[in-house]
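These notes concern the structure reproduced below.
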Amino acid sequence: MRDLNTDTFAEQQQQRARTTCIFSFTGGIALLWIAPRYSDMVQCRILNRKSLYRIGKVFIRKTAFLQRSLLSASIVSTNLYVSSANRIIDHSSRRAAADMASPLRSLVEDDERYLKSFQLFLERSSEHQCMHDFIQGILPGELASVGDGKAELNVFGVGSGSGDIDLEMFSQLRQKHPSVTVDNQVIEPSSQQIHNYKVLLSKTPDLDYIKFTWNKNTAAEFEQHWKENKMSKKADFIHMIQMLYYVKDPDATVRFFQSLLDKNGKLLIILVSGRSGWGKLWRKYRRQLCNTEISQCVTTRDIKSGLESQGVAYRSYALPSHLDISECFVEGSEKGELLLDFLTEVLDFSRTAPAELKAGVLEMLRQPDCSVETDGKVIFNNSLEALVLDPLP
Ligand code: HSM
């Protein structure tokens, strides 16, 4: 889209230059044609009045001079116009070429910086607090019926990260089903996060009832492996928390994992809500910010409309949350830059984004659509939404 727009602009400039060229030359030729006739006319009158003869000659010379000047002025101005249009065209095509050569890099390409900015995001936001409230308040009701009386429950954590949210959910599952054992498949592509998860396990008591299987895979790799090996295992509880941003086709991923649910199984999806500041930011800057190969600007609104179009039922729960983004507006603040990376999903956004985009994003971030300003702080709307799906009929 961006390249197409640039071409259209360049073409318009070229067209304008061509039109001016034609008009200027036509104008010049018309002058050449009219001026001699006019000078002849003047000359005739002057010949009849001898006293004006000299003045007439000067006038004729001047007319000829004027005629030449006008013609050369029109040529010069046409040239100037053409060359300035060419400069614009050059600039546009250079910009288009540069855009093609160096698109903004996605933050997820740099695992270390991603984790650093994510950590800062967690410190500045109430993201984990609102998940904690949901896990304590709502999730137990959803988990009560899973397993249909089985002695062992199969759980899939898709994009489990460092496992802290997983362990909170296990604690609720355990309270609802005190005598079951759990077979837990962890599906997580980041070795650093798997390491963090294992460290957390080593520090957490009373987890003997859970068997952990580590799949260092993306959801897509896991799906491919599952299909190739014609696996038939069914799951009682699958969770995908803040991970559908990182799959190529979020709707298809939801469909695949929902198809793995056993009777009474539950699929839990948590994402930012369509009404959050994220939703507003992405509606305006999706094209510039989202590298759709590795990260999607997807909200629960998108997932819900996909489900609705297929007639799939879901239950929805709002998880209000906020994020302090004040540092993003402090020029040169390292933490502000890290937060901006997380907000835009662009690696080194402050340094690599075109000035116009950076200014637009910063302006948008503090608009009432995205944030509120209180006590000198800019508080971004980080509201999440949880969707719970039952097995397909
Ligand atoms: N990075 C996409 C939005 C988000 N992820 C919020 C976690 N919390």
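Just so it is clear, the structure is predicted and the values come from calculations on it, not from any experiment. Note that ligands are numbered from 1 as they come in the structure, with each ligand's atoms numbered from 1 the same way.
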| query | Would you say the side-chain atoms of Gln192 and Glu112 include a donor-acceptor pair closer than 3.5 Å? | reply | no
| task | Mind listing the closest non-hydrogen atom pair of Leu244 and Pro250 along with its distance? | result | O-CG, 3.8 Å
| message | What I want to know is whether Glu127 and ligand 1 share at least one N or O pair that is separated by under 3.5 angstrom. | response | yes
| field | Residue pair Glu228 / Gln224, side-chain donor-acceptor N/O under 3.5 Å | value | yes
| Taking atom 1 (N) of ligand 1 as the reference point, the nearest protein heavy atom with its distance | Glu345 OE2, 2.7 Å
| note | In ligand 1, the atoms that come under 4.0 Å of a heavy atom of Tyr246 are 1 (N)
| query | Are there more than 12 heavy atoms of other residues, nucleotides or ligands under 6.0 Å from atom NZ of Lys150? | reply | yes
| said: Geometry only, no angles: is Gln242 polar-contacting ligand 1 at N/O separations under 3.5 Å? | reply: yes
| said: Regarding Arg366 and Glu373, does a basic nitrogen lie under 4.0 Å from an acidic carboxylate oxygen? | reply: yes
| query | Do ligand 1 and Trp278 have nitrogen or oxygen atoms that lie under 3.5 Å from each other? | reply | no
| Residue part near ligand 1, for Leu384, under 4.0 Å between non-hydrogen atoms | neither
